[in-house]
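Below is one structure, written out as structure tokens, with a few remarks after it.
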Amino acid sequence: MVGSDHGGLSLKNELAEYLSSQQVVVTDLGTHSADSVDYPEFGAAVGRAVAAGEADFGVAVCGSGLGICIAANKIAGIRAVTIHDVTSARLSRAHNDANVICLGERLIGAQVAKDAVDAFFATEFEGGRHAHRVHSLDALIAQQT
Ligand code: RB5
């Protein structure tokens, strides 16, 4: 599941193509043109699709990777992280059970982005001492409703 605003369009398209070449089934939730759009719509769309179980993971891109990550995190069950390097991508899965990786097209090179996405998809959640912390994260949203 991939999505972006106009600021992340090129990197989103490149990552979608890359993931497809790795035999990952990719659904592109847009945006599909360089016209200016609002990142909350696309971050939420990626989040909703992952929360609904339509994909194990989401990839969300905007100019900085920040706004679209905030949007995705508004959806219950989503643990979205803005990533700039491979180590953070790996740790976000191993320790935080992150399910949406967010990237900033204006801040990260395409190769680092691909390597980070590879690490994100390849790393299992370690569970153990991290499990109750992740449950506590999800409970924060439940407590608000
Ligand atoms: C769009 O210009 C830009 O603000 C957006 O892509 C993102 O960086 C917001 O966080």
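First listed ligand is number 1; within each ligand, the first listed atom is number 1. Just so it is clear, the structure is predicted and the values come from calculations on it, not from any experiment. The residues of the chain are indexed from 1 along the displayed sequence.
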Side-chain (T82) to main-chain (G65) donor-acceptor, under 3.5 angstrom: yes

closest protein heavy atom to atom 10 (O) of ligand 1 is G67 N, 2.9 Å

Taking everything shown except F42 itself, do over 12 heavy atoms lie less than 6.0 Å from its CZ? yes

Closest approach of L15 and V61, non-hydrogen atoms and distance? CD1-CG2, 4.3 Å

Which residue and non-hydrogen atom of the protein lie closest to atom 3 (C) of ligand 1, and at what distance in Å? R106 NH1, 3.7 Å

Identity and separation of the nearest protein heavy atom to atom 5 (C) of ligand 1: D5 OD2, 3.1 Å

Write out the residue and atom name of the closest protein heavy atom to atom 7 (C) of ligand 1, then the distance separating them to 0.1 Å. C62 SG, 3.4 Å

Closest approach of any protein heavy atom to atom 1 (C) of ligand 1, naming residue and atom: H6 NE2, 3.7 Å

Below 4.0 angstrom, N of the basic side chain to O of the carboxylate: do D5 and K12 qualify? no

I'd like to check which ligand 1 atoms, numbered from 1 as shown, lie under 4.0 Å from a non-hydrogen atom of S64. 7 (C), 8 (O), 9 (C), 10 (O)

With a 3.5 Å cut-off and no angle check, do the side chains of N13 and E17 form a donor-acceptor pair? no

For G63, the ligand 1 atoms whose distance to one of its heavy atoms is below 4.0 Å: 5 (C), 6 (O), 7 (C), 8 (O)

Quick check: I68 and ligand 1, any N/O pair under 3.5 Å apart? no

Do you know which two heavy atoms are closest between R93 and F120, and how far apart they sit? CG-O, 3.1 Å

